[in-house]
Amino acid sequence: MVTATHAGAILTIDLDAVAANYALLSKKSPGAVCAAVVKADAYGVGLEPVARRLAHEGCRQFFVAQLAEAVTLREVLDNIAHDSAIHVLNGPDPGTEEDFENCRAIPILNSLAQIALWSSHAKKRALSQTAVLHIDTGMARLGLTSSDIDELAADPDRLSGLNIRLVMSHLACAEERSNPLNERQRILFDDLRARLPAAPASLANSSGIFLGTGFHYDMVRPGASIYGISPLPDESNPMRQVINLKGKIIQIRVIDTDMTVGYGATHRATRPSRIATVAVGYGDGYPRHLGNRGHGYIGGALVPIVGRVSMDLTTFDISDVPESAAQPGMMIDLLNERHTVDDLAREADTIGYEILTNLGKRYQRRYIGAVDG
Ligand SMILES: *Cc1c(COP(=O)(O)O)cnc(C)c1O
């Protein structure tokens with residue numbers, strides 16, 4: 001546990017906002033079951049508190065990327081939502097069959113090899129095994145190709161012993177409403193799944209939910225939007241902000257015109273300036289790319305980052321803030337309601353997903369809102 005007095009920054013995670021976001025996504029997809037994608041430690045926000053709160057809100061369908069994440073999640077959910085389904089996006093490797101069974105994880109089968117592995121596992125157990133089939137409709141990353149599906153259609157025996165609970169695919173450009181690939185993927189998904197045994201279907205991630213009910217099918221799989229990331233970057237964000245980050249000022253320097261700040265001397269003062277050094281850096285996942293481009297807030301005042309972001313420290317020009325408002329021990333707002341994860345990501349030339357999943361281990365984490373509702 002990192003305590004407030006020891007930490008260089010305080011990360012606050014609002015579980016009521018997580019619950020509100022999940023409720024909004026459920027409401028937006030009335031005909032479908034709303035699952036929750038909680039891979040990568042719930043996008044860096046914290047798997048245990050997030051999964052417990054979502055379970056309390058009624059979520060029973062969870063997706064992780066890796067088996068190890070499923071093992072942890074099963075322990076979290078066992079006492080509070082024993083009936084939860086935990087799906088593993090990357091699917092099974094040979095030798096992991098028993099581990100899948102032990103934590104009752106459902107494999108997502110992405111290739112003919114994974115299908116063969118799971119079908120032979122079912123034969124060995126003489127018991128049908130629940131699984132999900134993933135079809136690639138435009139990502140060229142994971143999933144069955146159109147020719148794989150031809151082979152399955154020609155030889156249905158390859159699926160013997162499998163109880164297919166869901167057929168899914170994944171959208172490549174869902175955050176762009178008008179991208180024609182969305183509709184092309186939807187049509188291809190319908191064509192390909194028609195050649196497989198009938199099963200419930202799932203296509204939409206967070207952004208896909210906002211493309212309309214034609215994309216919802218039987219289950220939607222939001223991740224990012226649960227954690228406050230905007231599903232439609234070009235429109236106003238309907239999601240509530242989940243995280244807030246404040247960095248502690250540990251020293252204030254008064255510098256003269258022409259003095260430089262930080263590594264590489266990339267900022268040169270054009271006037272006498274006050275520089276606040278905050279105990280957050282790229283070692284905390286605060287992007288190095290924010291050097292001389294990002295900013296924070298003190299009260300309502302914007303304070304620009306000057307110089308490079310270093311591993312443990314970032315320097316802000318606080319010359320325009322009254323001295324009483326910026327003293328060592330006080331905090332600078334790095335992420336809040338008006339300067340969101342998406343805003344920071346834009347300044348750093350990346351996406352909110354990367355900001356969240358890199359959130360530092362050195363922050364003091366405070367969860368607000370009840371874990372169990
Ligand atoms: C990560 C992931 C999701 C969730 O996507 P978001 O954009 O975070 O909502 C859904 N489906 C698959 C296959 C994924 O890999």
Side-chain angles (χ1 to χ4, degrees), residues 18 21-22 24-26 28-29 32-45 47 50-51 54 59 61-67 69-70 73 85-91 105-111 114 131-144 165-177 179 181-182 185-186 188-189 192-193 200-211 215-235 237-240 242-243 341-342 345 350-359:
V18 167
N21 288 341
Y22 179 73
L24 176 66
L25 295 162
S26 304
K28 286 267 170 205
S29 36
V33 171
C34 190
V37 181
V38 294
K39 59 196 180 189
D41 197 31
Y43 289 50
V45 164
L47 179 62
V50 164
L54 288 172
C59 181
Q61 306 292 326
F62 294 88
F63 288 78
V64 293
Q66 303 183 350
L67 178 57
E69 297 175 320
L73 179 56
I86 301 176
H87 308 81
V88 178
L89 289 163
N90 290 358
I106 299 170
I108 296 182
L109 306 177
N110 297 296
S111 64
Q114 287 187 335
V132 174
L133 294 182
H134 181 189
I135 306 175
D136 179 20
T137 54
M139 286 288 280
R141 198 177 64 164
L142 284 181
L144 300 160
R165 80 190 308 260
L166 191 72
V167 175
M168 61 170 263
S169 189
H170 191 46
L171 296 166
C173 308
E175 73 282 5
E176 298 167 26
R177 249 186 220 285
N179 194 310
L181 189 54
N182 295 324
Q185 284 193 267
R186 196 185 68 73
L188 186 58
F189 182 50
L192 293 176
R193 67 192 186 86
S202 174
L203 180 60
N205 65 338
S206 295
S207 304
I209 292 172
F210 292 82
L211 295 177
F215 286 82
H216 293 171
Y217 293 91
D218 303 294
M219 188 189 291
V220 294
R221 309 185 309 270
S225 54
I226 296 175
Y227 314 107
I229 289 176
S230 180
L232 297 165
D234 299 331
E235 299 174 26
N237 187 357
M239 313 316 298
R240 261 175 65 178
V242 168
I243 69 165
V341 174
D342 290 305
T350 182
I351 54 173
Y353 296 66
E354 190 177 39
I355 301 297
L356 285 185
T357 53
N358 280 335
L359 284 171

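Whatever order the structure lists them in is the order used to number ligands and atoms, beginning at 1.
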Going by the atom numbers of ligand 1, which of them fall below 4.0 Å from some non-hydrogen atom of [X]?
{"X": "A224", "result": "6 (P), 8 (O), 9 (O)"}
{"X": "M168", "result": "13 (C)"}
{"X": "K39", "result": "1 (C), 2 (C), 3 (C), 14 (C), 15 (O)"}

Among all protein heavy atoms, pick out the one at the shortest distance from [atom]; state its residue, atom name and that distance to 0.1 Å.
{"atom": "atom 5 (O) of ligand 1", "answer": "N205 CB, 3.4 Å"}
{"atom": "atom 10 (C) of ligand 1", "answer": "R221 O, 3.4 Å"}
{"atom": "atom 7 (O) of ligand 1", "answer": "Y353 OH, 2.6 Å"}
{"atom": "atom 9 (O) of ligand 1", "answer": "S206 OG, 2.5 Å"}

Checking side chain to side chain contact (heavy atoms under 4.5 Å, CB included) against M239, which of D342, I229, I226, L24 comes through?
-> L24
Please determine which of L192, L109, L166 meets the side chain to side chain contact (heavy atoms under 4.5 Å, CB included) test together with L133.
-> L109
Output yes when the distance from some N or O of ligand 1 to some N or O of [X] is under 3.5 Å, and no in every other case.
{"X": "S225", "result": "no"}
{"X": "P222", "result": "no"}
{"X": "L89", "result": "no"}
{"X": "S207", "result": "no"}

Compute whether any side-chain donor of one residue and acceptor of the other, for E175 and S207, lie under 3.5 angstrom apart.
->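 Absent: no donor and acceptor within the cut-off.
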Mind checking whether F63 and H87 have parallel, tilted or perpendicular rings, split at 30° and 60°?
->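 The arrangement is parallel - the two ring planes meet at less than 30°.
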Is a donor on one side and an acceptor on the other found under 3.5 Å between the side chain of H216 and the backbone of I209?
->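 Present.
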Got a second to check how far R193's CZ is from L188's CG, nearest 0.5 Å?
->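 Going from CZ on R193 over to CG on L188, the span is 11.5 Å.
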Among the heavy atoms of Y43, does any lie under 4.0 Å from an atom of ligand 1?
-> yes
Within-4.5 Å side-chain heavy-atom neighbours: V64 and I86 | yes
Would you say the side chain of F189 lies within less than 4.5 Å of the side chain of I135, judging by non-hydrogen atoms?
-> yes
